Protein chains: 4
Amino acid sequence: MQNPESPKYQQQKQAAIRAAAAVFARKGFHGASTTDIASEMGIKQGSLYYYFKSKEEALAEVCLYGIRDYVQRMEEIARDDAPFEVRLLATVRSHLSSYREKNEALKVHNDERLYLPEIKRIKLKQLGSHYRELLEGIFEQGVRDGALREDLDCHFAAQSVIGICNAWGELIVRDPRLDVEQVITKVNDLLLRGLAPMGAKA
Amino acid sequence: MQNPESPKYQQQKQAAIRAAAAVFARKGFHGASTTDIASEMGIKQGSLYYYFKSKEEALAEVCLYGIRDYVQRMEEIARDDAPFEVRLLATVRSHLSSYREKNEALKVHNDERLYLPEIKRIKLKQLGSHYRELLEGIFEQGVRDGALREDLDCHFAAQSVIGICNAWGELIVRDPRLDVEQVITKVNDLLLRGLAPMGAKA
Amino acid sequence: MQNPESPKYQQQKQAAIRAAAAVFARKGFHGASTTDIASEMGIKQGSLYYYFKSKEEALAEVCLYGIRDYVQRMEEIARDDAPFEVRLLATVRSHLSSYREKNEALKVHNDERLYLPEIKRIKLKQLGSHYRELLEGIFEQGVRDGALREDLDCHFAAQSVIGICNAWGELIVRDPRLDVEQVITKVNDLLLRGLAPMGAKA
Amino acid sequence: MQNPESPKYQQQKQAAIRAAAAVFARKGFHGASTTDIASEMGIKQGSLYYYFKSKEEALAEVCLYGIRDYVQRMEEIARDDAPFEVRLLATVRSHLSSYREKNEALKVHNDERLYLPEIKRIKLKQLGSHYRELLEGIFEQGVRDGALREDLDCHFAAQSVIGICNAWGELIVRDPRLDVEQVITKVNDLLLRGLAPMGAKA
DNA sequence: AATGAATGAGAGTTCATTCAT
DNA sequence: TATGAATGAACTCTCATTCAT
């Protein structure tokens, strides 16, 4: 809207995005009202429109906010030259701790982004694809290094990692008592070694 | 509401549930209107109330419908006395083919059931817990049989299986070209053996 | 909306259009609220949307209603093979009595139609142009017959007739005590003979 | 509000009135927003209230501005001792060139003044009546001088002149290519001599 | 002299729900 | 068994207005 440099404005806008994320995560996009969001951040409903042009735009901004540094962290992991096991663990940790540490924006991105019109989803799609490609690259490297099976379907593997992390992410969000670090370890272990005992036949 | 035994009524009621499932899956509970549901089944909006007392009840019935025979199939699998590998595969197959074969009700159960008031969710919770417990039982049996690692956290494992199946289920629903049988095989394999090559150190 | 054949629906829709016309005439399009319109026709605000998709559509329908038989009457006058003086009088009479007899829709058309988006104004434009062309045709015939000056600018004349009639129309609407028949006579006379005495030099 | 004498203030106030006139003319009183007006004059919305106590007051000032020197010019014409034909032409010219030369305030006065509360319209009414009376006086003088028909209804004539001028005024505002001087001539001629050929019977 | 920020009232619109028929 | 008609509450969004700075 106005002077987007004003620090006060920037700060409030951030608060608005976080409030929207919290409410969307709790009630879903259509189930959440702008009154909910406004009162979550302690202003009146009409004032919300000082920060968002529309409820839909609020969703767009939350989704972007949710996925942005999630992708960025993956870029760092991909850039890093560590062995596969380290990078997988980093990936799982980054993904799962997003759900606990930061806020609910990632969950909102996963669950509600489809309610955005195609055109507002382009950027999100790019980021999502980018994430998956980076992850696939890590898997391909893992195959070359012998850290993964030769016949691995890297696309399938990447989707599965994302899927299982999102599933546990939801559980983490819903149950605040869950020990995230422990979940991270177990997910990582499951992904690497599966459930069967070592040396079991295929 | 009268004559709820009449076969015509039963038949239309089923159609109503399926229509609601389709629409809820597509637009979410709050995003779907009763007009959407009615027109999906080819009747007028007001007529819906002949089959559902309220929109919320429609959701409840869809969720129940979605999870009921999903649980039932799990009961059959659990009752069966097959080796663990067979039962895991059966579980994954049952779960994933639900998404393709039957209808969208399971997805609706997963994504929208939280919008039901606590009281209408009791039955669903029971069924869900029952499912998880059956699955955990299968895992425990697998541990005893030596088909799974001794130190396996069976609760974690069950949740993970459910999570990864739901994740792939969403992908299956969204992309009709996916080869479900292939996904089943790969998911099953990933769960059993993980991504690392055989004989890799822990 | 629904079965547009239902006589009840048609009847109520007419009432809605007339109510909207009255309110728009009184308060202008932007100054009128849908609550005003609804209460003018004795229903609740939300129910208005059973008859109009939007307030804007209500305006469109009022305008169309206002101009439609106004044009139609002009077509009859144009078709008729009467001498010019008769047809001019008929035109003025038709135009001015519209304002008194029928309703406020013509005034709304004149004053508010510009608030419609271009696309909803096409039909109105056609009708308006048609009206003016018919009137110009009458003037051209009058020139040929010698009832009008040879050098008359028929386009100018038509616009002027329309303009002066609309101006008196507004006065008629605003002041119910005005004797319309007398106004008709005087306007007709002014148009034909002007203000100057007979035989005055140009 | 302080220092209303400061020349800068006076200048900006004039700009505000002109901006409001332009916007009201384009969108109507209710259709125009204070943001529109502010941005038309290049300031921010809140700053408008430095010049107007309220939007309604802005309308009042625009109307007054629009009609004031319109009346004043009429006073000059009335004071002048010219023959009737000269004064009529001067009247028409003054009225129509207002629409082109000055600004949109006169149109706003004509179309929107009724949205002012009775009390704020008193002054306008006085001015309008004064104008009409002056014009009627001119007509009465014309009758006495033999420049007009003996039986002329001067009130009717004055209203008609005003009406036809306003009608053409709207056309002038809407179509910038119209040759105003030509319209003036033709309107004047129509008023004086009517449409019929010289010497036609009544 | 002007603005950024906020507000509260009211707008148009949608929609779950009811009910006579 | 189904529908047309209506309703009232909730919702998103706009906007005139205020005021500290």
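In this text the structure is predicted, and so the values were computed from the model without any measurement. Heavy-atom basis, side chains included; hydrogens, waters and symmetry copies ignored. Just so it is clear: chains get the letters A, B, ... in the order the sequence lines come, proteins before strands, and each one is counted from 1.
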- [ ] Could you tell me whether D:Ala32 contacts a base, only the sugar-phosphate backbone, or nothing, with contacts defined as non-hydrogen atoms closer than 4.0 Å?
- [x]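 Contact class for D:Ala32: sugar-phosphate only.
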Choose from [options] the nucleotide whose nearest atom is closest to any side-chain atom of [X].
{"X": "C:Thr34", "options": "E:dG12, E:dA1, E:dT3", "answer": "E:dG12"}
{"X": "A:Lys55", "options": "F:dT12, F:dG8, F:dT17", "answer": "F:dT12"}
{"X": "B:Lys44", "options": "F:dT3, F:dA5, F:dT1", "answer": "F:dT3"}
{"X": "D:Tyr49", "options": "F:dA16, F:dT1, E:dA5", "answer": "F:dA16"}
{"X": "A:Tyr50", "options": "E:dT17, F:dT3, E:dA6", "answer": "E:dA6"}
{"X": "A:Ser47", "options": "F:dT1, F:dT7, E:dA6", "answer": "E:dA6"}

Open item on the list: Reading DNA chain E from 5' onward, which residue's closest nucleotide shows up sooner: A:Ile43 or B:Thr35?
Closed with: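 Nearest nucleotide further toward 5': that of A:Ile43.
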Task: Toward the 5' end of DNA chain E, by each residue's nearest nucleotide, B:Ser33 or C:Phe29 - done: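 Going by which nucleotide is closer to the 5' end, it is C:Phe29.
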Open item on the list: Using only modelled atom types and a 3.5 angstrom limit, is any donor from either the side chain of A:Gln45 or the base of F:dC13 paired with an acceptor on the other?
Closed with: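 Answer is yes: a donor-acceptor pair is held.
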Task: Under-4.0 Å side-chain N/O to phosphate OP1/OP2 contact, B:Gln12 with F:dA2 - done: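 Yes, such a contact exists.
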- [ ] Could you tell me whether the phosphate oxygens of E:dT14, OP1 or OP2, come under 4.0 Å of any side-chain nitrogen or oxygen in C:Ser54?
- [x] no
Task: Shortest non-hydrogen contact from C:Ala16 toward C:Met41 - done: CA-SD, 3.4 Å
Rounding to a whole Å, what distance do you find between [X]:[atom1] and [N]:[atom2]?
{"X": "A:His30", "N": "F:dT12", "atom1": "NE2", "atom2": "C1'", "value": "12 Å"}
{"X": "B:Met41", "N": "F:dT1", "atom1": "CE", "atom2": "P", "value": "12 Å"}
{"X": "A:Lys13", "N": "E:dA5", "atom1": "NZ", "atom2": "C1'", "value": "15 Å"}
{"X": "A:Ile37", "N": "F:dC13", "atom1": "CD1", "atom2": "C1'", "value": "13 Å"}
{"X": "B:Tyr51", "N": "F:dT3", "atom1": "OH", "atom2": "C1'", "value": "12 Å"}
{"X": "B:Phe52", "N": "F:dT1", "atom1": "CZ", "atom2": "C1'", "value": "16 Å"}

Task: Value rounded to 0.5 Å, distance of CG in D:Leu59 from CG in D:Leu124 - done: 8.5 Å
Open item on the list: Return the CG to CD distance between C:Asp111 and D:Glu112, rounded to the nearest 0.5 Å.
Closed with: 9.0 Å
Open item on the list: For A:Asp36 and B:Leu48, find the nucleotide of DNA chain F closest to each by heavy atoms; which residue's nucleotide sits nearer the 5' end?
Closed with: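 Of the two residues, B:Leu48 wins.
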TODO: State, with a plain yes or no, whether a side-chain heavy atom of B:Lys107 is found less than 4.5 Å away from one of B:Arg174.
DONE: no
Open item on the list: What stems show up for DNA chain F when you take Watson-Crick pairs (N1-N3 plus N6-O4 or O6-N4) and G-U wobbles (N1-O2, O6-N3), both under 3.5 Å, and require three or more consecutive pairs?
Closed with: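 Stems for DNA chain F, defined as runs of 3 or more consecutive pairs: E:2-21 with F:2-21.
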Task: Short side-chain donor-acceptor distance under 3.5 Å, B:Thr34 and B:Gln45 - done: yes
- [ ] Take B:Val62 and B:His109, measure what side-chain contact (heavy atoms from CB on, under 4.5 Å) needs, and give me the verdict at the end.
- [x] CA-CA 7 Å; B:Val62 168; B:His109 169 270; over 6 Å; no
Open item on the list: Quick one, D:Leu48 with D:Thr35, criterion side-chain contact (heavy atoms from CB on, under 4.5 Å). Give me CA distance, side-chain angles, the key distance, then yes/no.
Closed with: CA-CA 9 Å; D:Leu48 252 197; D:Thr35 306; over 6 Å; no
Open item on the list: Whether C:Lys55 engages the ring of C:Phe29 as a cation-pi pair (distance to the six-membered ring centre under 6.0 angstrom, angle to the ring normal within 45°) should be assessed.
Closed with: yes
